[in-house]
Amino acid sequence: MADLPELDISRRGMLAGGTATVMIAASPVAAAQDKEPMQADPPAPIPLSFEVNGEKRDLTLDSRTTLLDALREHLHLTGTKKGCDHGQCGACTVLVDGVRINSCLTLAVMHQGDRITTIEGLGTPDRLHPMQAAFVQHDGYQCGYCTPGQICSAVAVLDEIERGVPSYVAADLTERPRMTDIEMRERMSGNICRCGAYSNIAEAMAQVAGERA
Amino acid sequence: MRAFTYERADSARDAAAKAASTPGAKFIAGGTNLLDLMKLEIETPRHLIDVNGLGFDRIEKTGDGGLRIGALVRNTDLAADMRVRKDYGVLSRALLAGASGQLRNKATTAGNLLQRTRCPYFYDTNQPCNKRKPGSGCAAIGGYSRQLAVIGSSESCIATHPSDMAVALRALDATVETVNAADQARAIPIADFHRLPGDTPHIETALAPGEFITGVTLPKPIGGRHYYEKVRDRASYAFALVSVAAVIHKDGTGRVALGGVAHKPWRVEAAETAMPEGARAVSARLLAGARPTHDNAFKVPLAERALAAVMMQARTA
């Protein structure tokens with residue numbers, strides 16, 4: 001993988017990443033300078049390294065780069081989607097050290113040394129993760145755009161229930177949560193599906209939860 | 001997003017010193033609210049001080065039987081702590097009522113306290129907003145104000161504080177602990193931490209520039225049944241129209257704080273003496289002097305009914 005030229009990020013990726021990317025990255029800076037002529041040049045890019053899907057990756061990034069943009073634009077892992085870019089839709093959900101977060105609302109430079117898992121790291125077309133297989137079996141999507149985030153979130157939700165993390169629908173806070181439909185629906189509320197595949201997503205999750213229990 | 005420089009702090013004192021001495025500096029921890037606002041250029045820090053490596057991520061017993069919650073304890077971890085679930089259920093429930101699973105995994109205790117209002121006119125940079133741009137006016141007054149404050153508001157601002165956690169902390173008489181650049185520690189009662197808007201709605205808390213929150217302390221458990229009733233436009237992942245944090249004892253006495261109605265968690269201790277008389281009596285005192293708008297007048301009876309629902313649960317439990 002690391003031998004592929006498009007993944008040689010440190011120089012070539014930055015230069016060859018596409019003119020559009022460069023222009024988008026440059027325009028807000030120009031705008032800021034228009035408004036505040038005293039502002040100095042953009043700060044120097046920051047080197048960082050983290051592990052993505054089991055592989056160590058080194059990048060040098062503008063401080064403004066979100067984890068989501070680092071994954072998509074710099075590492076070309078485009079499975080993770082940009083929906084709202086404001087933490088409202090959940091399409092960008094990834095696992096960091098096993099915990100699900102919105103990758104759009106965190107800076108890449110804040111993840112030095114972290115272990116990141118994206119949809120590409122959960123399974124492959126030949127060896128699907130059980131949650132991926134269940135989504136296919138139960139038709140847990142229509143357009144598919146929210147699906148990588150839904151699947152990453154769903155995997156983490158089952159783990160959270162297993163670890164005993166409570167939710168708002170708990171009748172008794174001190175009891176261990178169970179893999180019920182209402183528990184899973186409440187915990188998946190940060191992942192929006194505009195096609196409305198929710199009931200099939202819930203069925204896919206119930207199947208995987210059943211296999212585990 | 002505007003350009004900014006970035007560094008990691010070595011200690012709380014170091015963070016406070018850097019924040020106090022660097023123009024346009026801000027702390028970043030979870031970043032879930034700050035980065036949202038930076039993308040919209042509502043927040044435009046020129047320097048970010050990453051405090052995630054400083055520890056402050058534990059929940060410990062205090063000498064007097066209470067709990068000390070580190071500033072960087074994530075909302076999920078605080079809600080899941082068994083001591084919190086057993087003895088401070090109102091806090092656990094409030095946390096779990098807020099945001100989404102992904103956001104709670106990242107958001108911190110201190111960051112939750114410091115989050116900014118979701119008033120739509122604060123978010124719309126084409127509109128005047130005294131909180132975003134002091135002196136520019138308030139487009140919410142006379143605008144679409146269904147979500148906004150009904151009490152404690154001013155001619156300058158009718159925004160609400162969005163936190164659920166802070167409402168529970170107000171009911172629990174929590175204390176916010178800080179340190180400044182001179183390494184002086186300070187304890188701020190939660191009642192004094194958030195400010196009413198007055199004519200300076202851009203100043204939202206009692207913190208001095210650069211002052212760093214190290215943790216939140218809870219007094220020893222007070223027993224009782226704990227409730228957090230949140231009324232919102234959808235069943236999950238939405239801000240409160242009205243919320244009720246309550247601790248109710250067997251004899252009908254207790255404590256109540258409201259969310260979604262004011263610029264800070266709303267509690268009037270004197271109103272709580274009326275608890276054995278019922279929700280109407282409490283609500284009348286708690287919301288005496290309310291000045292709702294045409295759009296949000298429904299919040300006053302809604303708060304009373306939400307409180308009545310909680311008190312009914314307590315009676316029949």
Side-chain angles (χ1 to χ4, degrees), chain A residues 28-29 31-33 35-36 39-44 46 62-66 84-90 92-96 99-107 109-112 149 152-153 156-157 160 163-170 172-175 185-192, chain B residues 1-8 24 28-41 44 46-48 50 52-53 74 76-77 79-82 84-90 92-107 123 164 226 228 230 234-238:
Chain A
V29 177
Q33 284 174 338
K35 286 181 198 166
E36 291 176 30
Q39 190 169 346
D41 288 336
I46 300 170
D62 186 298
S63 56
R64 288 168 290 185
T65 313
T66 60
C84 68
D85 208 24
H86 286 277
Q88 296 172 2
C89 76
C92 68
T93 303
V94 299
L95 309 179
V96 174
V99 172
R100 61 177 170 149
I101 67 165
N102 300 110
S103 63
C104 75
L105 284 187
T106 190
L107 297 170
V109 293
M110 294 165 70
H111 291 281
Q112 172 64 36
C152 285
S153 205
V157 161
E160 285 164 20
R163 286 189 286 117
V165 174
S167 87
Y168 186 65
V169 298
D172 181 344
L173 274 178
T174 59
E175 278 184 6
R185 284 173 181 268
E186 159 61 22
R187 290 165 195 264
M188 290 294 287
S189 68
N191 290 84
I192 310 296
Chain B
M1 201 187 296
R2 303 282 183 95
F4 57 86
T5 47
Y6 168 89
E7 70 179 322
R8 298 183 185 97
I28 186 164
T32 52
N33 187 214
L34 181 59
L35 287 168
D36 178 28
L37 294 169
M38 284 169 65
K39 288 179 183 193
L40 298 167
E41 299 196 358
T44 55
R46 282 139 69 188
H47 185 65
L48 284 186
D50 185 344
N52 283 292
R74 308 290 153 170
T76 298
D77 298 330
D81 185 279
M82 196 48 89
V84 176
R85 286 152 76 177
K86 277 185 178 147
D87 296 331
Y88 307 95
V90 62
S92 199
R93 288 208 179 276
L95 284 158
L96 295 170
S100 67
Q102 290 96 317
L103 291 168
R104 291 193 295 270
N105 282 340
K106 205 88 187 85
Y123 264 77
D164 293 296
H226 289 225
Y228 192 78
K230 183 174 180 180
R234 57 184 183 195
S236 184
Y237 196 22

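Each chain gets a letter, A, B and so on, in the order its sequence line appears, and its residues count up from 1.
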message: Less than 3.5 Å apart, any donor N or O on the side chain of Ser153(A) or Arg100(A) sitting next to an acceptor on the other?
response: yes
- request: Ignoring hydrogens and angles, state whether a donor on the side chain of Asn191(A) or Gln102(B) is under 3.5 Å from an acceptor on the partner side chain.
  value: yes
- prompt: Ile101(A) versus chain B, heavy atoms under 4.5 Å apart: side chain, backbone, both or neither?
  reply: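 Both the backbone and the side chain of Ile101(A) come within 4.5 Å of chain B.
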message: What part of Thr93(A) gets within 4.5 angstrom of chain B, counting heavy atoms only: side chain, backbone, both, or neither?
response: side chain
field: Smallest separation among heavy atoms of Leu107(A) and His111(A), with atom names
entry: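 For Leu107(A) and His111(A), the tightest heavy-atom pair comes out as O-CD2, 3.1 Å.
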Closest approach of Arg104(B) to Leu95(B) (non-hydrogen atoms, all atoms of both residues):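 Minimum heavy-atom separation between Arg104(B) and Leu95(B): CD-O, 3.3 Å.
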Part of [X] within contact of chain A (heavy atom distance under 4.5 Å):
X        : answer
Leu34(B) : neither
Asp36(B) : both
Ala29(B) : backbone

Residue, of [options], that accumulates the most heavy atom pairs under 4.5 Å with chain A:
options                       : value
Ala80(B), Gly98(B), Ala235(B) : Ala80(B)
Ala97(B), Gly53(B), Gly89(B)  : Ala97(B)
Lys106(B), Arg93(B), Lys86(B) : Arg93(B)

task: Would you mind telling me which of Ala156(A), Gly90(A), Cys104(A), Ala44(A) has the largest number of heavy-atom pairs within less than 4.5 Å of chain B?
output: Cys104(A)
task: With the side chain counted from C-beta on, respond yes when Leu103(B) and Tyr237(B) share a heavy-atom pair under 4.5 Å apart, and no when they do not.
output: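 Leu103(B) reaches Tyr237(B) side chain to side chain.
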query: With a 4.5 Å heavy-atom cut-off, do Met38(B) and Arg64(A) have their side chains touching?
result: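 No. Closest side-chain heavy atoms not under 4.5 Å.
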task: Taking Thr106(A) for its side chain and Ser103(A) for its backbone only, find out whether a donor-acceptor pair lies under 3.5 Å.
output: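 Not a single qualifying donor-acceptor pair exists.
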